[in-house]
Each structure stands twice: as structure tokens, then as C-alpha cells.
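Let me begin by presenting the structure, written as C-alpha cells, before commenting on it.
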Amino acid sequence: MTENYDFQRIEAKWQKIWEDKEAFRVFEDSKKTKFYCLEMYPYPSGRIHMGHVRNYTIGDVISRYKVMKGFNVLHPIGWDAFGMPAENAAIKSGVHPQKWTMENIAHMKHQLKRMGFYYDWGREVNTCLPEYYRWNQWIFLQMYSKGLAYKKKSWVNWCPQCQTVLANEQAAGNRCWRCDSEVKQKDMEQWFLKITDYAEELLSGHDLLKKWPEHVLLMQKNWIGKSKGAHVTFPISGTDQFIEVFTTRVDTIYGATFVAISPEHPLSQKLISDSDKKERFQTWIERSIKKQKLEKDLTEEEKEGIDTGKKATNPFTGAEVPIWIANYVLMEYGTGAVMAVPGHDQRDFDFAKKYSIPIQEVVVPEGKSSSGELEEAFEGYGRLVNSGDFTGMTSKEAMDAMAQYAEDSGFGRGSILYRLRDWGISRQRYWGAPIPIIYCEKCGALGVPEKDLPVILPRDVEFLGVEGSPLEHTPSFVKTSCPQCGGQARRETDTMDTFFDSSWYYFRYCSSQEETRPFQSSAAEYWMPVDLYIGGVEHAILHLIYARFFCKIFRDIGLTTIDEPFPHYLPQGMVTKDGSAMSKSKGNVVDPDKMLEQFGADTLRLFILFSSPPEKEIAWNEKGVEGSHRFLYRIWTFIHENLDFFSRDKNQVLEAPPESESHLHLKTKMHQTIKKVGDDIEKRYHLNTAISSIMELFNSLKKECESLKIHHEDRDLVKNTMEILVQLLSPFAPHFCDEIWEKMGHKNILLHASWPVFDPELAREETVTIVVQINGKLRDKFDAGRGLPKEDLERKALESERIRNIIGDRKIRKVIFVQDKLVNIVI
RNA sequence: GCGGAAGUGGCGGAAUUGGUAGACGCGCAAGCCUCAGGAGUUUGUGGUCCUUGUGGCCUUGGGGGUUCGAGUCCCCCCUUCCGCACCA
């Protein structure tokens, strides 16, 4: 009677054995080569979802494989535990964010264990605990003392009804997510990190990231947005003030027929202050600023502006041009002011047409002459016309010459501009790491002294959901004394963006218990950098740039010698159902718990990997899960039906048999599969094809076994192949394989068994199929010994009756030969 | 608008270096087993045509090209998805 495949019992059994053996604990060991496999840690939202299952299963298979290959593998996990959902839950249902978060973590931890993941739980980090976030504060203070953290005014979304700051996603559609009132913009003091200091290095560091997908590097590159150009100052007529502009096309400056500044530009108020239309202008400016902040698609917005009536002088031509305030000029980019060249910029062209501003042509396409009246802006490069001494130069020559001339004349310089902006980390929220700053009336803003860290987030606060952060209304937190003069002082009540937490957690895993520094440098020297980082591509820009930025700061303050934390990044695709991402609102969520109950962890792991290669999206299909389950079941039944045979004592040697053809075939297949599975896991990360090749091996094995009773001599090979198969499958379905392995009489767990080695000689087919083509079309094929020379195979091909019939009496022009593959006869 | 990725049977996907397209799995069909089956098992399964063969033709979004040979390389176009977006 065949024993049932009781996966619930088996999985619980092996999870306990692994835990009792502490099989997943790792320590630094200089004798072994380390491998640090990291997956993006989860936000403890309550339950794990299929995206987690996929992400962590990919990492788990690679980790287990590397362990079997003899590496010292660090595979940690933790919790991105601060953030808004916890606070929202508090506001809505009165549960304390800490309670909510810790309960979620407990449940999700249980779920992850239930999946059988190879995690060293001794290194678990939890960002909402003071043990962790005190180092956020410490790092912040290091940055503050180096001038890398600073405070400045910035616009935030503000709900006047709730009297609170809103995140962008809470202000969707320009309406407050809670009370639906109209969102306003408010200018508030906020903390920033000077990531722009590292813009160039974040860009040039891409050269070290050889194992990142090209498109991810490109996304980051666009985000950093480096532009080469020039800054030029235009004096404002009748004043001693200037407008500075940035341009990437200084070669077109002779065609600058006006200057346009952003409504938000500091000069915009001054320039209209003595205008008789001041009030109308004022209203227009306010409306434009608001639109710029809130409109999603600004390109759709019609270009409009107001003429300030003031003039500025084009320093190249000496001509006076009007100064406009225009809604298409953004304060965030460049200087917030542009030299407008209608002839060579379509936006300026549209604007000039609307307000009848002159359009001048100063660049013509190479080999063409001036076209008279322009129909639209010519934005390409060409040769300069109507440009004084620079006329006749190419655009490229002129850009250098003009930048040089501007610099020599003192009204400009060649320059480089980045789109990347400093990172605002202030959040007017409770559930985050407090920013360790104290404000004293006398001494100003001071960092909390290191000895006073951590600044503990107080537990007892009120969650009204209105009038700013709960911390502001907690006097016991706010009131403090000045660390310098001892006088009355007030704490910063803003907390940190949770991206701050996730920018360095991978360092913390190296020594998560360390109490005197964020991490032990020696431990980080051993484990870092992360050898493989796996996670959703939605973090390709922000998280991965911030983390790279932090690593470079750590290097610059002497905590590490690493330049890049993640030399290898593997983005993993989404799990979708019915054409869209699984989400509660769509109602298309498949709960991993349900799958675990129905099929078990091994089936779920196998299915999620088998469906698709890691980078691709997975469309969930319940039938496929059954297929993966069936595969395990078939192996289970097969082993149990022949249990006497498979559990036979290893030492019982059978006489070496003569090698039959099918015997040879199976042996070859076995060695090929070892090679393929290894390559698929560590070279291509195509775990789906690794699994399919194991399935193929099992199919071959079963076929061979139909003759098991007849061909006594194949038995050793069959048993050996089965053992290899279980080893190859074990990273994918670890509980199942350990159970079978034990049944086959082994005492060790598979994690401690080494990965099988293939013999290249045996992996090579002794007979190959030679394809015969005529004019590139398949016409015949035959088997032949490996390595036969062209002449033999060509003769054999021409002997074939089919081939002879097709050729008839036509003349053979030539014959193409590919060793061990094909003979192509061209007639 | 700019940038990127992708398009292969009814479905998920395979084809790693230009060399047998459709591996593996799902689904479907038929047989076996069964009182029964939404279980198990065996076989078949891209389309099409006929003379049913170890057959012919067609087939990797569409159209051209390079090559003895193209899913793979080049050019043009279409569709879908993603990122950025008045970036000066």
C-alpha cells in the first residue's frame, strides 16, 4: 500500500528538523567563500502576498543551491516596519501602530516559515524598534555634521480641513483622501539630504553595475538627468539685478527674443510690484503655481504668461528683450528662468506666436540656407546664421566657443545640470524614526548628542488624524532642554521617510545585534557587497538610488570600503490575475495561505518558479498549480512503489553490467541535466527551465524503468539517477526532497549534501542527429557517431534515397557543413 | 513627446552562439482502471492539403532585406506594457 503524500505533515516535520539543527544559521568564516543573497524586505501589511512568495522563493532556491555548492550563504530577512498604513489603521480603528505592526510581523513571520525559506532568523531586523532606528538617527547626525542634511522651505500638500500634510498618494485628484476637501499647497520647513552632491558618482557608478539590466540603469540615468549646457546672466534693465538662465543650446542665444521666468521665481513678485495690473497678475501667478503643483499632465496645459513690462539685456547681442512670467517654466529645474528662443524651441515658438513676440532664425540645417518664415521651431543642430562673430560655426563648435566667450566676459560659464533633486525626508507623521534635532531659542537647531540616542518615539500619543502629527501634541516629547545651553528647547516633531530605513538595512544584516555602530565594519567587510539583490522593478529608481547613495556616504565616513552595495540586481516581475496586478480593490487576490493548505509549500514554490522566468510577469492559473503538484505526486508514487529497491543498502554492489543503449542514453541525460540545472540557476536565473529539465529527466527515468524488471543491469544507474534527481530538485521543493532522501536511506539533510557534479565526457552525446537540408529546408535526418568528418556525413546524406529523389539531376552548387549538426546541400 | 521592454499553438512558456520552431507544463481528445470520478494511468495533440506518407505546403505581430540557412541580424510599420514627461 502506497503511503499518501501528506505534505502538511512532511513540511511541518522538516521545518522543525531544520530549526532544531539551526541549519540556517550562518557566521563569518574566512575559509569559505561568502555569498550574500538578498531580497527586498517586506512591509508588514498583515499577510504575505504572491509577490512575496515569488520574490522570496527565487532567493531561497538560489541560496540553497549556493549552500550545496559549498558557499557560506547569508540569506536574511527583516521588516520595513514604519510607514503610513499602520498609522492609518490607528486613526481608523484605534489600534496602536506598534501593536498593529508587531502582530502583522508575527503572522507574516509564521507564513514565511511555513514556506520553508532558508532564513537566518537570528539576523532579523525590524526598523520600528529603537535598536534599529537609533542608527537612522546616528547616520542622520553624521550627515548633519557633514552638511549633507539641511533644512529648507518646500511645498507640501496640505489639507485645510484636516489641518495635516498629505503624501502625494493621499492627495490624488487634488482631493484629500479622508475628507475629500480641496488640497492646498503649503510652504514648510523640511529636512533634505544632499543627494545631489553625489549625482555624478551615482551616474558614473553605473559602470560598476555590469550585472544590472540595461533598462534599469537607463531609468536611473534618466532620473539623474545630466545635461551639459551653460549658465548665462541677463541684466535687468534699470536695476542692478540679474536673471540667470540655464540652457543646453547656448548656440541659439542670438535668437533669444524674450526671457521667461517661472511664476514661483523669487523675482516674479518684484517684477510686477509697480505694475498697474499688479492685482490681476498676482491672481494669475497664484493660479499658475497651483496648477503646476497639481496638474498631472502639464504638457496638455496651454502655454500662457504675462508680460512684466520689464526688460533684460541679452549679453551676447546687447539687445533688450521683454521679461515674461510663463506657466511652462518650472522652478524646480535649472534656475527657474529660461532664455526663450522661439526659432529653435517649440514651446517658446508656441508662446511667441500667441503673444506676437518676434521669432528669429539663428541656426539652419547643415547645407541649407535660411528658410524665411519658420512654420515651426527647428530644434536640430546645424550651422549658425545671424549670430555675430559666431555666424558660420556649427552648433557644436558654437556651444563651446560661446560658453568660453561668456566666461571670459564674466556673464556666464559652461555648466552641467542634473535633474536629480535633493531628497526631502521630513514626514509630518507619527509612525517613523524621529529626526534627532533640538531647537533652542538661543542656540538654534542642534543635533541630539550621540550619548542621548536613541530619541525614542513615545508610545502614548493621540491619533486624531487632524492638526498635524500626533508628536506635535505630545508635550512630554516636544519639551526638552538644549544640549548646549541647558535652556528650554523643543524637539523636531517630523519623522523620517521610510526610504531612509531601507537605504541601509542590508548593512545591518551583517551584524544585526551590534550595539555601538550601525554595523560592524569587519562583518560588513566579509559579507558586503550583496552578491545578488532580488526585488520588484518598482524600486528600480528611488530605493536603489537612495541605497547606493547611503553606501557612498558610509564609505566617505569610513564605515565601509564598498562603493556599490548591489553589483548584481535581478528585478522580478509581478504576479497578476485576470490581466491586472493582484489587489484587494480588484478582488483578484489569491491568498498564499489557501494554496499552502490545499497543495503545500513545495508545490507552491515549484509552481511560482515554473510558470515564468523571474523577470517576466506571471499570470496566475490555478490549473498550473495542480500540474506542479502532480509532478511531485508522481515522483512520490514512483519512489514508494519501488521503495525496497530505492532504499536498498548502498554497499550492496551489483556486478558491472554491459552498457545498453537506453542505459547510455539515461546516463547522458543525467549528466546533461546536472549541468543544465546548475547553469540555469546561477548563470541565467531561468528557474523555469531548470524545473522543466528535471521533469524531463524524470520522464526519461520512468521510461527506462519500464524495463526495470527486465534489465537487471540498469538498476544501479536508475537508483543513482533518482538520487541525483532528488538532489537537483531539493532547492525547489526542499521538504519533499528531504523526506524522499530520508526514505532512500540517507541520514543527512540535503542542504548538507553537496551538489552533484557532472562529467563533461558523459554529458556529451555519443550519437548525434544530423539534419540534412536542401537549400536550407529540412529534408531528412539520420543518426551518426559524434565527430565524424564532413566527407563521411556528406556521402551518407547523398546516399539517402529521399535526398537523391529531391535532387534529381540538378547540379549541387555547394555543401554547407556544421559539425555534428547538419549538412545543407545547395542546388 | 522622449526613453525602454516585449509580441511564438487554445494557454504559461522553450529554442543559451544564425543551424531540426513549439521542449516542459496546462488545457483538450481517446483508451485503460473504476459502482462512480473534477482521482490515477497510457496515448495523441501548431495549421492546412491530399495520394494517409519516414508526405507536401504554411506558420514565431505585419512588410521588406542580408544569408546556403532567420523566432534570432538589419530597415520600415503595427500593437501592448513600463519609466520619465512643459527638464529649457
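Letters A, B, ... are given to chains in the order of the sequence lines, protein chains preceding strands, and every chain is numbered from 1.
Counting any heavy atom pair closer than 4.0 Å across all strands shown, A:Val537 reaches no nucleic acid atom. Nucleic acid contact class of A:Leu218 (heavy atoms, under 4.0 Å, all strands): sugar-phosphate only. As judged by a 4.0 angstrom heavy-atom cut-off over every strand, A:Ser628 is placed among residues making no nucleic acid contact. Counting non-hydrogen atoms under 4.0 angstrom, A:Ile541 reaches the backbone sugars and phosphates but no base. Across all strands, A:Val826 comes closer than 4.0 Å only to sugar-phosphate atoms, never to a base (heavy-atom distances). A:Gly627 comes within 4.0 angstrom of sugar-phosphate atoms only, judged by non-hydrogen atoms across all strands, and of no base. Counting any heavy atom pair closer than 4.0 Å across all strands shown, A:Lys781 reaches a base atom. Residue contacts for A:Asn327: at a heavy-atom cut-off of 4.0 Å it reaches a base atom on one of the strands shown. Nucleic acid contact for A:Lys676: base, since at least one base atom lies under 4.0 Å from a heavy atom of the residue.
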Show me the protein contacts with nucleotides 70-72 of chain B, counting only N or O atoms at under 3.5 Å.
none

Identify the pairs formed between an N or O of the protein and an N or O of nucleotides 27-33 of chain B at a distance under 3.5 Å, and give each distance.
residue: B:G27; atom: OP2; partner: A:Arg630; partner atom: NH2; Å: 3.3

List, with names and distances, any nitrogen or oxygen atoms from the protein found under 3.5 Å away from nitrogen or oxygen atoms belonging to nucleotides 46-55 of chain B.
residue: B:U54; atom: O2'; partner: A:Arg802; partner atom: NH1; Å: 3.2

Which atoms of nucleotides 58-60 of chain B (N or O only) lie under 3.5 Å from a protein N or O atom, and what are those distances?
residue: B:C58; atom: OP2; partner: A:Lys777; partner atom: NZ; Å: 3.0

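Distance from the side chain of A:Gln773 is smallest to B:U20 among B:A15, B:C87, B:U20. Side-chain atoms of A:Arg634 lie closest to B:U41 of the nucleotides B:U20, B:U41, B:G19.
Stems are defined here as 3 or more consecutive Watson-Crick or G-U wobble pairs with pairing distances under 3.5 Å; those involving RNA chain B are B:1-7 with B:78-84, B:10-12 with B:24-26, B:27-32 with B:40-45, B:46-49 with B:55-58, B:61-65 with B:73-77.
By the side-chain contact (heavy atoms from CB on, under 4.5 Å) test, A:Ala547 is found to be paired with A:Tyr506, A:His543, A:Phe566, residues two or more places apart in sequence or in another chain being considered. In this structure A:Ile806 satisfies the side-chain contact (heavy atoms from CB on, under 4.5 Å) test together with A:Ile774, A:Arg779, sequence neighbours excluded. Residues satisfying the salt bridge (Lys or Arg N to Asp or Glu O under 4.0 Å) test with A:Arg764, not counting sequence neighbours, are A:Glu761. For A:Lys211, the side-chain contact (heavy atoms from CB on, under 4.5 Å) test picks out A:His568, with sequence neighbours left out. Residues passing the side-chain contact (heavy atoms from CB on, under 4.5 Å) test with A:Val818, sequence neighbours excluded: A:Lys821, A:Leu822.
In this structure, A:Ser262 OG and A:Leu330 CG are separated by 6.5 Å, a value rounded to the nearest 0.5 Å. The distance from atom CD1 of A:Ile224 to atom CD1 of A:Ile545, rounded to the nearest 0.5 Å, is 4.5 Å. Going from atom CZ of A:Phe349 over to atom CD of A:Glu375 covers 7.5 Å, rounded to the nearest 0.5 Å.
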Go through it in stages, so that I can follow the logic: the residues are A:Phe631 and A:Phe610, the test is ring-ring contact (aromatic ring centres under 6.0 Å, His included), and I'd like the CA-CA distance, side-chain angles, deciding distance and then a yes or no. CA-CA 12 Å; A:Phe631 172 58; A:Phe610 182 58; 8.2 Å; no
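In terms of polar N and O atoms assigned as donor or acceptor, the side chain of A:Asn824 comes within less than 3.5 Å of the base of B:C68 in a complementary pairing.
Against RNA chain B, the stretch residues 606-617 of chain A makes heavy-atom approaches under 4.0 Å through A:Phe610, A:Ser611, A:Ser612, A:Pro613, A:Lys616, A:Glu617. Near RNA chain B, meaning a heavy atom under 4.0 Å from it, residues 243-258 of chain A has A:Phe246, A:Thr247, A:Thr248 in order of number.
For A:Ser227 and B:A88, the shortest distance from a side-chain N or O to OP1 or OP2 is below 4.0 Å. OP1 or OP2 of B:A14 lies within a sub-4.0 Å distance of a side-chain N or O belonging to A:Asn688.
Checking A:Glu696 against A:Met339, the closest nucleotide of RNA chain B that is more toward the 5' end is the one next to A:Glu696.
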